[in-house]
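A short write-up of the structure that comes next.
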Amino acid sequence: MKTPWHLWLVGVASLAWNGLGAWQWWMKTTGSQGYWGALTQAQADYMRAAPLWTDVAFGLTIWCGVLGALLLLLRRRLAFNAYAASLIAILADSTYVHFLSNGREVMGTEGVMFGVVLIVLCAGQTLYARWAGRRGWLR
């Protein structure tokens with residue numbers, strides 16, 4: 001079956017998007033001044049005080065997203081599994097930020113809205129991979 005053009009578009013866009021996330025993860029993990037310096041002191045303190053499991057969830061979100069994009073471009077059904085793991089991880093991290101801590105207050109309206117956008121994009125990638133698998137474009 002011929003692969004539709006939009007699968008390549010979604011795959012490349014997803015890889016670019018998740019690649020930016022991987023760069024952000026790297027900057028955060030290595031303690032880059034470029035990353036930490038862009039935050040307010042309250043935001044930096046909040047992020048440094050967050051439990052380890054939120055950092056693990058953030059990493060899983062990013063790296064499962066990168067894996068999902070690569071698997072989508074390779075036309076593998078496992079892209080759905082990788083994207084689903086990424087979605088579960090971002091929901092776990094967002095639960096902490098929005099409901100188990102004062103993250104909404106610290107991150108502000110823009111931070112909350114960005115978190116919602118991330119969830120929507122992650123869900124969209126997951127649903128697209130599921131749809132592509134059902135259409136027979138992934139093997």
Sidechain-backbone polar pair: T29 side chain, W26 backbone, donor-acceptor under 3.5 Å: no
Connected hydrophobic set around V120, excluding itself, where side chains approach under 4.5 Å: V116
Check: S86 side chain, A82 main-chain N or O, donor-acceptor pair, under 3.5 Å: no
Worked verdict on M47 versus V106 for side chain to side chain contact (heavy atoms under 4.5 Å, CB included): CA-CA 10 Å; M47 291 179 74; V106 174; over 6 Å; no
Closest non-hydrogen atom pair between V97 and S101, with its separation: O-OG, 3.4 Å
Cluster check M27, I62: I/L/V/M/F/W/Y, side chain < 4.5 angstrom: no
Residues that L91 engages under side chain to side chain contact (heavy atoms under 4.5 Å, CB included), provided they are two or more places apart: L87, I119
Pairs where residues 56-65 contributes a residue and the test side chain to side chain donor-acceptor pair (under 3.5 Å) is met, not counting sequence neighbours: none
Transitive ILVMFWY side-chain link L118 to W25, under 4.5 Å: no
Check: R139 main-chain N/O paired with R77 side-chain donor or acceptor under 3.5 Å: no
Residues which pass side chain to side chain donor-acceptor pair (under 3.5 Å) with N102, listed by chain and number, not counting sequence neighbours: none
Shared hydrophobic cluster for V66 and V10 (ILVMFWY, side-chain gaps under 4.5 Å): yes
Side chain to side chain contact (heavy atoms under 4.5 Å, CB included) partners of L60, counting only residues at least two apart: V56, C64, A89
CH2 (W36) with more than 12 external heavy atoms under 6.0 Å: yes
Set of ring pair (Phe, Tyr, Trp, His ring centres under 6.0 Å) partners for W137, sequence neighbours left out: H6, W131
ILVMFWY cluster, W8 and L70 together (side-chain gap under 4.5 Å): yes
Distance (rounded to the nearest 0.5 Å) between L67 CG and L74 CG: 9.5 Å
Polar side chain donor-acceptor pair, Y128 to S14, under 3.5 angstrom: no
Which residues share a side chain to side chain donor-acceptor pair (under 3.5 Å) with S32, sequence neighbours left out: none
All pairs passing salt bridge (charged side-chain N to carboxylate O under 4.0 Å, His left out) where residues 28-37 contributes a residue, at least two apart: K28-D55
Partner set under side chain to side chain donor-acceptor pair (under 3.5 Å) for Y35, not counting sequence neighbours: none
Pair listing, ring-ring contact (aromatic ring centres under 6.0 Å, His included) test, anchored in residues 69-118, at least two apart: W53-Y96
Pairwise distance OG1(T3) to CZ(R135) - rounded to 0.5 angstrom: 12.5 Å
Pairs touching residues 97-108 that satisfy salt bridge (charged side-chain N to carboxylate O under 4.0 Å, His left out), sequence neighbours left out: none
Nearest heavy-atom neighbours spanning A79 and L72: CB-N, 3.6 Å
Same apolar cluster (I L V M F W Y, side chains within < 4.5 Å links), L15/L7: yes
Contacts of R76 that satisfy side chain to side chain donor-acceptor pair (under 3.5 Å) - sequence neighbours left out: none
